[in-house]
Number of protein chains: 2
Amino acid sequence: MTQSIEIVRSILEKKNTMAAKKKGLKPLNSVSMTDRVENILRDYFQENAFKPGDSLPGELEIAEKLDVSRNVVREALSRLRMLGIIESRTRRGMIMARPDILGGLERVMNPFILGKDTLNDVFEMRLILEMGMAEFLFARKTAQDIEELEEIVASQTSIEEPTKEEEIRFHTKLYDMTGNETFTRFQILLLPVFEHVFKKYRKGKTNTPPPDHIHHDGLVKVLKTGTVNDFRNAMQTHLKPYFDVIDL
Amino acid sequence: MTQSIEIVRSILEKKNTMAAKKKGLKPLNSVSMTDRVENILRDYFQENAFKPGDSLPGELEIAEKLDVSRNVVREALSRLRMLGIIESRTRRGMIMARPDILGGLERVMNPFILGKDTLNDVFEMRLILEMGMAEFLFARKTAQDIEELEEIVASQTSIEEPTKEEEIRFHTKLYDMTGNETFTRFQILLLPVFEHVFKKYRKGKTNTPPPDHIHHDGLVKVLKTGTVNDFRNAMQTHLKPYFDVIDL
DNA sequence: TTTGTATATTTGACCAACAAATAAAATAAT
DNA sequence: ATTATTTTATTTGTTGGTCAAATATACAAA
């Protein structure tokens, strides 16, 4: 809300030079006008350190300075609005906003449209996250956390073979304990793809792998009394069925 | 390109029921029509397992069945096109496509507009990735990889204090060695924010931390002759300056 | 069968207009 | 003079229509 006027003025100058250089923005090789306007705006925001609250020129002003129609500008702004980069209310105009860093990821996390390689990558990334969180877990765990974990384990119908929901609940609690909300949300986004890929692997392989891994109660015990390295080893064993299907 | 006709037919039926239920889509509480159309389309793609190559109804058809203007539909489609969920060429119509899973993330990874908490989360996440990649590194490393790492280290002007570029080059090679392209690209996206946050931390703290950590040559040696746990411990020590600023 | 042509369709881009909301200005009331 | 109310003007949201460019499709010609 601060330096709005100077910002508006500077964006217009920039646009003038751009427009002048191109003598009227024209669609490029298979790149639509909307694509170009979107990129121009994002680049400009970044280069000039636009911050949430800063106000933007109106749609018409942008359209005129870029020498494109208001519709094209609106299509580009619609994209930025979806990502949360800008917000707009009638008459109040548009302002920069704080995007949800994972909003874009959430919209494409669909096992049916992602490529096979990408799906495998996601599967592996969740394993990497599980193995990498140990430091944070030990640095930030509390007695309360351990208690909750023990409750989760105690409520499980079978310690030998927890259901998918129980498995998820347990691991999500672990992520929570890192105190890193983005990290937690990130893994929740990965989960559906993780499950999807694992199912496919098990179909492809001969039999279902024997569940000879360390169970949740074991992990809690190590978390309670063991060391960081103990925990990592325990987690690696716990994840063995998943490492196995990718022959790691 | 396969079941296009049935898909078209079914999407239209769905839209009819939706439109009928709402008796003409109307803007909801601070939710634009474009938002709603975007969500309707994405939900529909997911629920009906749309795959890349499947063809979609035309803009006009969607607009009519949803009882909104073509402009609103185009703004929604513009968003999906940005994410890579759909592609469209004149007369050939629109088809489902393979989105870049990190495209949305790339567009919002801007230190100036993300919240302070989110920036901290990103900083921590990179540390988690570095600590979690050990299994993959040891499972997939090759002699060639080790050679390249040694070359990178040898080319460094000072082993004691590698430049930021040298540091990045070394670590990026490590990510490459995991064979996980998404993982590699992910960390490259995190890097600018990581550097940005680290700079802010160092300004806030008293002095620059003494560089008494394990250097790249040490990491390579462990990677060559040590165990996975050796490497993790070495990496933890190598990252100590970063763990220190967050008091971990 | 192959090639070339005409037609029709679909997306890309533009323009004009109005509705809804509200900031700003003008006016009225105290 | 200050406050409250009304009016005005501006900005985004949404609609409708038009035109251009590209290209499937059908058809005609070789």
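Each chain gets a letter, A, B and so on, in the order its sequence line appears, and its residues count up from 1.
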Item checked: Main-chain N/O of Y175(A) paired with T178(A) side-chain donor or acceptor, under 3.5 Å -> yes

Residues in residues 73-84 of chain A with a heavy atom under 4.0 Å of DNA chain C, by number, are none

When rounded to whole Å, the CE to C1' distance for the pair M33(B) and dT12(D) reads 15 Å

Self-check item: Side-chain N or O of S88(A) closer than 4.0 Å to phosphate OP1/OP2 of dG13(D)
Solution: yes

Here the distance between atom C1' of dA23(C) and atom CD1 of I95(A), to the nearest Å, is 15 Å

Donor-acceptor check, side chain of N180(B) to backbone of D121(A), threshold 3.5 angstrom: yes or no? yes

Residues N71(B) and R74(B): side-chain donor-acceptor under 3.5 angstrom: no

Evaluate the criterion salt bridge (charged side-chain N to carboxylate O under 4.0 Å, His left out) for residue pair R107(A) and E38(B); output intermediate values, then yes/no.
CA-CA 10 Å; R107(A) 286 177 162 82; E38(B) 181 216 328; 2.7 Å; yes

Hey, can you tell me if F112(B) and H196(B) have their rings parallel, tilted or perpendicular (30° and 60° cut-offs)? perpendicular

5'-most contact on DNA chain D (nearest-nucleotide basis), L60(A) vs V72(B), goes to L60(A)

Rounded to whole Å, the CG-P distance (L66(B) to dT15(D)) equals 11 Å

I62(A) CD1 to dC14(C) C1', in whole Å, measures 18 Å

Check: Checking only heavy atoms, does the side chain of R70(B) share a donor-acceptor pair with the base of dG17(D) at less than 3.5 Å?
Finding: no

Give a yes or no on whether the backbone of F50(A) and the side-chain of N48(A) come within a donor-acceptor separation of less than 3.5 Å.
no

5' to 3', nucleotides 4-10 of chain C under a 4.0 Å protein heavy-atom cut-off (B base, S sugar-phosphate only, - none) gives -----BB

- Kindly indicate whether the side chain of N71(B) and the base of dT15(D) share any N or O donor-acceptor pair separated by less than 3.5 Å? yes

- Query: When you look at CZ of R140(B), are more than 12 heavy atoms from neighbouring residues, nucleotides or ligands closer to it than 6.0 Å?
  - Reply: yes

Indicate yes or no for a side-chain donor-acceptor contact from D145(B) to the backbone of T142(B) under 3.5 Å, with no hydrogens or angles considered. yes

Check: Between the side chains of S32(A) and D35(A), does any donor sit under 3.5 Å from an acceptor?
Finding: yes

Determine the interplanar angle of the F123(B) and F198(B) rings, folded into 0 to 90°, and report it as parallel if under 30°, tilted if 30 to 60°, perpendicular if over 60°. parallel

Next on the checklist: Using modelled atom types and a 3.5 Å cut-off, is there a donor and acceptor pairing between side-chain atoms of R126(B) and backbone atoms of L191(B)?
Outcome noted: no

Axis-to-axis angle for the helix from dT1(C)-dA30(D) to dT30(C)-dA1(D), ends of five pairs each, to 10°, equals 10°

